Amino acid sequence: MKKGVFWIYDVTVEEVRGKDSIVLWGLDEDGVPHVFIDSGFTDHVYVAGDPDSVEKVLSENPILYRRVSISNTVRRFLGREYPFTMISGDPASVRDAGRLLNRFFEVFELDVRLSQKYILYKGVKPSRWYNIEYEDIQWGGWRYSHRLMNISLGDVIGYPDLKVVAVDLAPSLSLGEPDPDGDPLYAYALYSKEGIYTGERGESEYRLFKDMVDRLLENDPDVIVTFMGNRVYYPYLRERGGKIGLKLGIGRYPKEIYQSVLGHYSIGGRINIDLYEYVDGLPFLQLKTLEELARYLGLPDPPVKGDPYLYDRMWMEDRDKLIEYLSWRVETIYKSFERLAHDIIEMSSVTGIPLDYVLTSSSGRQVEFYIMCEAVGRGEVIPPQVSREVRSYQGGMVLEPVKGLHRGVAVIDFKSMYPSIMIKYNISPETVTDRRGDNVEFFEEVGLGVHRDREGLLPTLVEKLIRLRDEARRSLTGLPREDPRFKVVDARQRIYKILANTVYGYMGWPSARWYSRQAALLVTYLGRQVITATMDKASKLGLEIIYGDTDSLFVRHNVEKIGELLSWVENELGMEAKLEKVYKRVIFTSAKKRYAGIYDSVVELVGLEYLRRDWCRYARNLQYDVASEVLVMGGVGDSLGIVKRYVDRLRRGEVPLDDLVIWEQISKPLDEYKVNSPHIEVARKLAMKGWKIRRGVFIGYVIQKGDGPIYTRAVHYLDADPSLIDVGYYVKHQLIPSAHRVLEPIGVSRKEVENVALYSGRGLDAFM
DNA sequence: TGGGGCCGGGG
DNA sequence: GTGTACGGCCCCA
């Protein structure tokens, strides 16, 4: 028997000699790939039924009956102990037995995938180092394949030297996304540590394909990074390859890529990372483009302006430019992964979701897998995934703001309000009840209470995550920034925080295994109580309340009184609040969730048009400039002059089309829309041309001149004619409103704003 | 003129 | 495919 240390990067189920077996994919300390086959994993399900009846049902299928073992066991389920009948044995038999029994009894853990169960019950979380004992065997033509004998968690902090290759493609995009039937591949680009390589189509598309596949195999990467691989490029490549007679055999084993769950593509033995899936989860990146990601990470802008939708045009008109753009893309994809790798790997390592899936999983499923690991560790049976009716509930409290321009306003924030409430009151799906009783702390107003005599699973986990984060942060102070462990631990503490903050929302999500509307509702109720009590105390202290939202209070600044309030919160409420910032000036509109302020020379706009992608960039910039003027000058200043200059430039046709584009997302299948609106009408027109308009697609449009409602005059930005822009619409419905929004609170009327806009340039009839 | 559909971003 | 609260646009009756 041999021994070694390996970093496990994936856990899959493969057929080995006709039997479903677990395969662990690992790298040794030199970065050499190994596979470990574990054919001996015993699967199980729990059946809620007495052993005799379970046995009776099973014995009707004698073959199956002989292949599984049946035993009585007591397990915890949602905090209480119950007797279960456990069926165990080889995975295929347990699955078949489970399905059979499911017709008569409630069967638990039948809906947990085998590879997940392996991770849960063997405690083998991916993206960590393990001490492994093994014997060599032959499998799949793999150079280093072994039979797994023993595995235990190691204690190394860090990663092996991962071989990473970024790939990007320029296919023809006649209809929004490449059609494998008609759209050829023009070019590809590949980036690795060795540098960049690009290929262009010459005489034969087949050669280009072959060239790309060969290059990839030559590099033999552990990780292939793309931007939109799962959504667009792998499906295209696979089918297009089939058409031209070349299989996409870029895996280690199996060679060919294949589609697995959730629109994810598996590349045998390699890690498929689609950075678009990461970007999708970053709310502050509005259009989810690679350009935005680059800017966010501090990477260079593209050297030439490009757009995947323009690949056809670029290929016809300027191939060098296309290759230059593609080269920037692939380098940016590679370097973005370098910067994000620690966060992605730590999300995998902490939750237990293999790297290949961790970005494809929603944040609900990420936190859920973490909860499953912990639940199994505590001997809990995993609740089933069931589909439930969506029933919403009351959320946070938002105060009516005091309209106007204020000076010296302090913002007080509760620290992790919902996680703290869950911990303080022990709120968890299995501790919340609608019945009064001993050891039940009851809240009459919502008719719900909490068992105080048993430890709730979710609050315990939230507390643990917060503790782990604190520990990680403390250990950071002892590490120099250059130490390779620094980035690992730093990423880990961020992941702990993200998970801790997600648990409340997870609990209120109807698809959650640990769903509890009552528990979620109780959390928000107690949040409202906390803020209300704090407001009362603030008033008693003579602090004027100007605004508040969910877990924050804006009050007239007063150092002593705020200090007193904060200690009251800590002592009387057992919560933590802090003085977040003090606005030197702040403008409140009469609307909730919309304000602008300045502190430490930082101008900050919240909830206003400036932040919204469904307003054109030009109007957003105007609003920022006007708000800054008011906040810096402490009054109207030259605001109206700013408005006038913006309007003049637009009238003179000096504003680039890009700054006039309005972006909106398609949120459901097109035929489900009941209304006519600009972005839907544009999407319908694109669909008529043959574009595939899926959920999540961004539609950028401008409003052109003409008669009738604007939805009839909205034109896709790629088809727009700059000379046909409806200047009147932009002045009246974009520039004036966005400027007026921040001027109205200081007493500037709509009429005043309109006047400078209208009587600038050529006068009223030019655009009305 | 007001209500419904829809969207996006705040905490 | 984590939660709710909210404002504001456009369309249509």
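Note that the structure is predicted; figures quoted are calculated from it, not measured. The sequence lines fix the lettering, A, B, ..., with proteins before strands; numbering per chain opens at 1.
Using a 4.5 Å cut-off on side-chain heavy atoms (C-beta onward), A/I119 and A/R113 make no contact. Counting heavy atoms from C-beta on, the side chains of A/P737 and A/R750 come closer than 4.5 Å.
Listed pair A/Y673 / B/dC7 meets the phosphate criterion, a side-chain N or O lying under 4.0 Å from OP1 or OP2. Put simply, A/R612 has no side-chain N or O that comes within less than 4.0 Å of OP1 or OP2 on B/dG8. Proximity of A/S362 to the phosphate of C/dT2: a side-chain N or O atom is located under 4.0 Å from OP1 or OP2. For A/H679, a side-chain nitrogen or oxygen approaches OP1 or OP2 of B/dC7 to under 4.0 Å. Taking only side-chain nitrogens and oxygens, A/R513 never comes nearer than 4.0 Å to OP1 or OP2 of C/dT2.
Between the side chains of A/E664 and A/Y701, at least one donor-acceptor pair of N or O atoms lies under 3.5 Å. For the residue pair A/Y646 / A/D625, a side-chain donor-acceptor distance below 3.5 Å is found, with atom types taken as modelled. Residues A/Y234 and A/Q259 have side chains that never bring a donor and an acceptor to within less than 3.5 angstrom of each other. Judged by distance alone, the side chains of A/Q665 and A/R695 never bring a donor and an acceptor atom under 3.5 Å apart. Under 3.5 Å, the side chains of A/Y618 and A/Q734 contain no donor-acceptor pair of N or O atoms.
The environment of A/K581 atom NZ is dense: over 12 non-hydrogen atoms of other residues, nucleotides or ligands sit within 6.0 angstrom.
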Filtered N/O pairs between nucleotides 1-3 of chain B and protein, under 3.5 Å:
none

Enumerate the protein-to-nucleotides 11-13 of chain C contacts in which both atoms are nitrogen or oxygen and the separation is below 3.5 Å.
from: C/dC11; atom 1: OP1; to: A/I710; atom 2: N; distance (Å): 3.4
from: C/dC11; atom 1: OP1; to: A/Y711; atom 2: N; distance (Å): 3.0
from: C/dC12; atom 1: OP1; to: A/N676; atom 2: ND2; distance (Å): 2.7

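A salt bridge links A/K578 with A/E580: the distance from a Lys NZ or Arg NE/NH1/NH2 to an Asp or Glu carboxylate oxygen falls below 4.0 Å. Classification of A/D280 and A/R231 as a salt-bridged pair holds, one side-chain N sitting under 4.0 Å from a carboxylate O. Using a cutoff of 4.0 Å between basic side-chain nitrogens and carboxylate oxygens, A/E368 and A/R513 are scored as salt-bridged. In this structure, A/E292 does not pair ionically with A/R295, as no charged nitrogen and carboxylate oxygen lie closer than 4.0 Å. Salt bridge present: A/R713 and A/D726 bring a charged side-chain N and a carboxylate O closer than 4.0 Å. A salt bridge does not link A/E177 with A/K692: none of the charged nitrogens is closer than 4.0 Å to a carboxylate oxygen.
Consecutive pairing runs in DNA chain B reach the stem threshold at B:1-8 with C:6-13, where a stem means at least three Watson-Crick or G-U wobble pairs with distances under 3.5 Å.
Both A/L399 and A/Y418 lie close to DNA chain C; mapped to their nearest nucleotides by heavy-atom distance, the more 5′-ward contact belongs to A/Y418. Between A/S511 and A/V390, it is A/S511 whose nearest contact on DNA chain C lies nearer the 5' terminus.
Within residues 616-626 of chain A, no residue has any heavy atom under 4.0 Å from DNA chain B. Using a 4.0 Å cut-off on heavy atoms, the residues of residues 577-597 of chain A that approach DNA chain B are A/K593, A/Y595, listed by number.
Using a 4.0 Å heavy-atom distance criterion, A/R517 is classed as making no nucleic acid contact. Contacts of A/G505 with the nucleic acid, taken as non-hydrogen atoms under 4.0 Å apart, include base atoms. At a threshold of 4.0 angstrom between heavy atoms, the contacts of A/Q665 are confined to the sugar-phosphate backbone, with no base atom among them. Residue A/Q286 is classed as a sugar-phosphate contact, given heavy-atom separations below 4.0 Å to backbone atoms only. A/R613 comes within 4.0 angstrom of the backbone, heavy atoms only, and of no base. At a threshold of 4.0 angstrom between heavy atoms, the contacts of A/T524 with the nucleic acid are absent. Among the atoms of the strands shown, none is found under 4.0 Å from any heavy atom of A/R528.
What separates CE of A/M507 from C1' of C/dT2 is a distance of 11 Å, to the nearest Å. Distance A/E400 CD to C/dG7 C1': 12 Å, rounded to the nearest Å. In this structure, CG of A/D280 is placed 10 Å from P of C/dT2, rounded to the nearest angstrom. To the nearest angstrom, P of B/dG10 lies 10 Å from CG of A/L605. Per the geometry, CH2 belonging to A/W509 stands 13 Å off P belonging to C/dT4, to the nearest Å. In this structure, A/Y701 places its OH atom 9 Å from C1' of C/dC10, rounding to the nearest Å. Atom-to-atom, CD of A/E277 to C1' of C/dG1 comes out at 13 Å; the value is rounded to the nearest Å. Rounded to an integer number of Å, the gap from A/W615 CH2 to C/dG8 C1' is 8 Å.
Distance check, rounded to the nearest 0.5 Å: OG1 of A/T524 to CE of A/M417 gives 11.0 Å.
For residues 386-403 of chain A, the pairs satisfying salt bridge (Lys or Arg N to Asp or Glu O under 4.0 Å) are A/K403-A/E744, with sequence neighbours left out.
Out of C/dT2, C/dG1, C/dG8, the shortest distance to the side chain of A/T502 is found at C/dT2.
In this structure, A/W663 has its ring center under 6.0 Å from that of A/Y717. Aromatic ring centres of A/Y515 and A/Y506: separated by at least 6.0 Å.
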